[in-house]
Amino acid sequence: LSKSGDSYEYLTPTDFSMYDPSDLEHVGWYYIPVETGEPIWMDPYLNENINTYMISYVVPIYIDGVSVGIVGMDIDFAVIQNQIADMKAFQTGYAYLTNNQDSILYHKDYEVGMKAEEVIKEDAAIISDASMEGTVQDIGDHQITYSVLDNGMKLVVTVPESELKGEMNQLSATIMLVVVIGLIASFVYAIFISISISKPIKLLTK
């Protein structure tokens, strides 16, 4: 079944006799999880049966240790890429996605399949270190943080250092302004209180 909007469409089942098990573009979605023997998220791939670049979650089914088939879900990878492209951090910060081997799956500046260590070496040194996950790291002119998703992919967010400093400077200026206003207000209030107390004393003294 294939879903488009709210409706489902029946697709013609794949004829496995037409393809060799090594033909990953046509039948890798079946043979890879069967050979793995456990539920897996597959790396994005071009399914040439329907000419769609997709990502799949596939569960192999066994009865008495014998493989009888699979059940799975395919997602058009463009949907995920568009979601990541829409992620914004501050003014120009952005997100990108790599697989668990740190190959780029989506990046606004680089093509799918490029190794992070070849095009964004400083970032790659961080995202390849499991101890860095969830922390914010300063890398020269920008800062990054990353999180490992349930499917093993890594979602990375990067923000220019100048924007972070700009936000901090703006926050500091706002705090200083509030403090100054508070001090002035306190000074005016203190004068008002002192006058209101001294006035009747002066009258009593006279």
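Heavy atoms only: backbone and side chains are in, while hydrogens, waters and symmetry mates are out.
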query: Of the non-hydrogen atoms in Y53 and Q81, which two are nearest, and what is the gap between them?
result: CE2-NE2, 4.4 Å
- request: Indicate, with yes or no, if L155 and Y57 share a hydrophobic cluster defined by side-chain heavy-atom contacts under 4.5 Å among Ile, Leu, Val, Met, Phe, Trp and Tyr.
  value: yes
Y30 and its side chain to side chain contact (heavy atoms under 4.5 Å, CB included) partner, picked from I70, T14, V58: I70
message: Any non-hydrogen side-chain atom of I80 less than 4.5 Å from a side-chain atom of I55?
response: yes
message: Contact between V159 and H142 at the side-chain level, heavy atoms closer than 4.5 Å - yes or no?
response: no
task: Kindly give the heavy-atom pair with the smallest separation between I120 and Y110, and that separation in Å.
output: CG2-CE1, 3.8 Å
- request: For the pair L105 and M153, evaluate side-chain contact (heavy atoms from CB on, under 4.5 Å) and give the outcome as yes or no after the intermediate values.
  value: CA-CA 9 Å; L105 298 178; M153 295 178 182; 3.6 Å; yes
- prompt: Can you name the nearest heavy-atom pair linking Y106 to A85, along with the distance?
  reply: OH-CB, 3.2 Å
field: Cluster overlap L24 with V27, hydrophobic side-chain contacts below 4.5 Å
entry: yes
message: Name the residue from T158, D109, D123 that meets the side-chain hydrogen bond (donor to acceptor under 3.5 Å, both in side chains) definition with Y96.
response: D123
- prompt: Looking only at heavy atoms, which two atoms of G28 and P33 are closest? And how far apart?
  reply: O-CD, 3.7 Å
Donor-acceptor contact below 3.5 Å, side chain Y62 vs main chain V34: yes
- prompt: Rounded to the nearest 0.5 Å, how far does CG of L46 lie from OG1 of T52?
  reply: 7.5 Å
message: Could you go through L1 and E9, starting from their C-alpha distance and side-chain angles, then the distance that decides it, and tell me whether this counts as side-chain contact (heavy atoms from CB on, under 4.5 Å)?
response: CA-CA 5 Å; L1 290 172; E9 173 189 359; over 6 Å; no
- prompt: Roughly how far apart are T98 OG1 and L149 CG, rounded to 0.5 Å?
  reply: 9.0 Å
- prompt: Where the side chain of E133 meets the backbone of V148, is there a donor-acceptor pair that is under 3.5 Å apart?
  reply: yes
field: Within 6.0 angstrom of I193 CD1, more than 12 heavy atoms from elsewhere
entry: yes
message: To the closest 0.5 Å, what do you measure between OG (S22) and OH (Y31)?
response: 9.5 Å
message: Working note: F77 + W41, criterion ring-ring contact (aromatic ring centres under 6.0 Å, His included); need CA distance, chi angles, decisive distance, verdict.
response: CA-CA 13 Å; F77 199 63; W41 276 99; 9.9 Å; no
- request: Check for a donor-acceptor pair, side chain of K154 on one end and backbone N or O of I127 on the other, with a separation under 3.5 Å.
  value: yes
- prompt: Are N47 and H26 close enough that a side-chain donor and a side-chain acceptor fall under 3.5 Å?
  reply: no
message: Once rounded to the nearest 0.5 Å, what's the spacing between atom CG of L97 and atom CD of Q83?
response: 11.0 Å
- request: Compute whether any side-chain donor of one residue and acceptor of the other, for Q137 and T135, lie under 3.5 angstrom apart.
  value: yes
query: Do S56 and D74 have a side chain donor and acceptor closer than 3.5 Å?
result: yes
query: Crowded around D15 CG? As in, over 12 foreign heavy atoms under 6.0 Å?
result: yes
- request: Please check if Y19 and Y45 belong to a single hydrophobic cluster, counting links between Ile, Leu, Val, Met, Phe, Trp and Tyr side chain heavy atoms closer than 4.5 Å.
  value: yes
Minimum heavy-atom distance between P39 and P60, given as atom pair plus value: N-CD, 3.8 Å
query: Does the pair M54 and D76 meet the rule for a side-chain contact (heavy atoms from CB on, under 4.5 Å), with working shown?
result: CA-CA 4 Å; M54 61 174 56; D76 187 339; 5.6 Å; no
field: Common cluster, M73/V79, ILVMFWY with side-chain heavy-atom separation under 4.5 Å
entry: no
query: Do Y94 and V157 pass the side-chain contact (heavy atoms from CB on, under 4.5 Å) test, and can you show the C-alpha distance, the side-chain angles, and the key distance before you say yes or no?
result: CA-CA 6 Å; Y94 60 91; V157 178; over 6 Å; no
task: Could you tell me whether a side-chain N or O of K115 sits under 3.5 Å from a main-chain N or O of Q101, the two making a donor and an acceptor?
output: yes
field: Short side-chain to backbone donor-acceptor contact, S103 and N99, under 3.5 Å
entry: no
- prompt: If two hydrophobic side chains count as joined below 4.5 Å and joins carry through other members, does W29 share a cluster with I75?
  reply: no
- request: State, without any angle test, whether T92 and E163 hold a side-chain donor-acceptor pair at a distance under 3.5 Å.
  value: yes
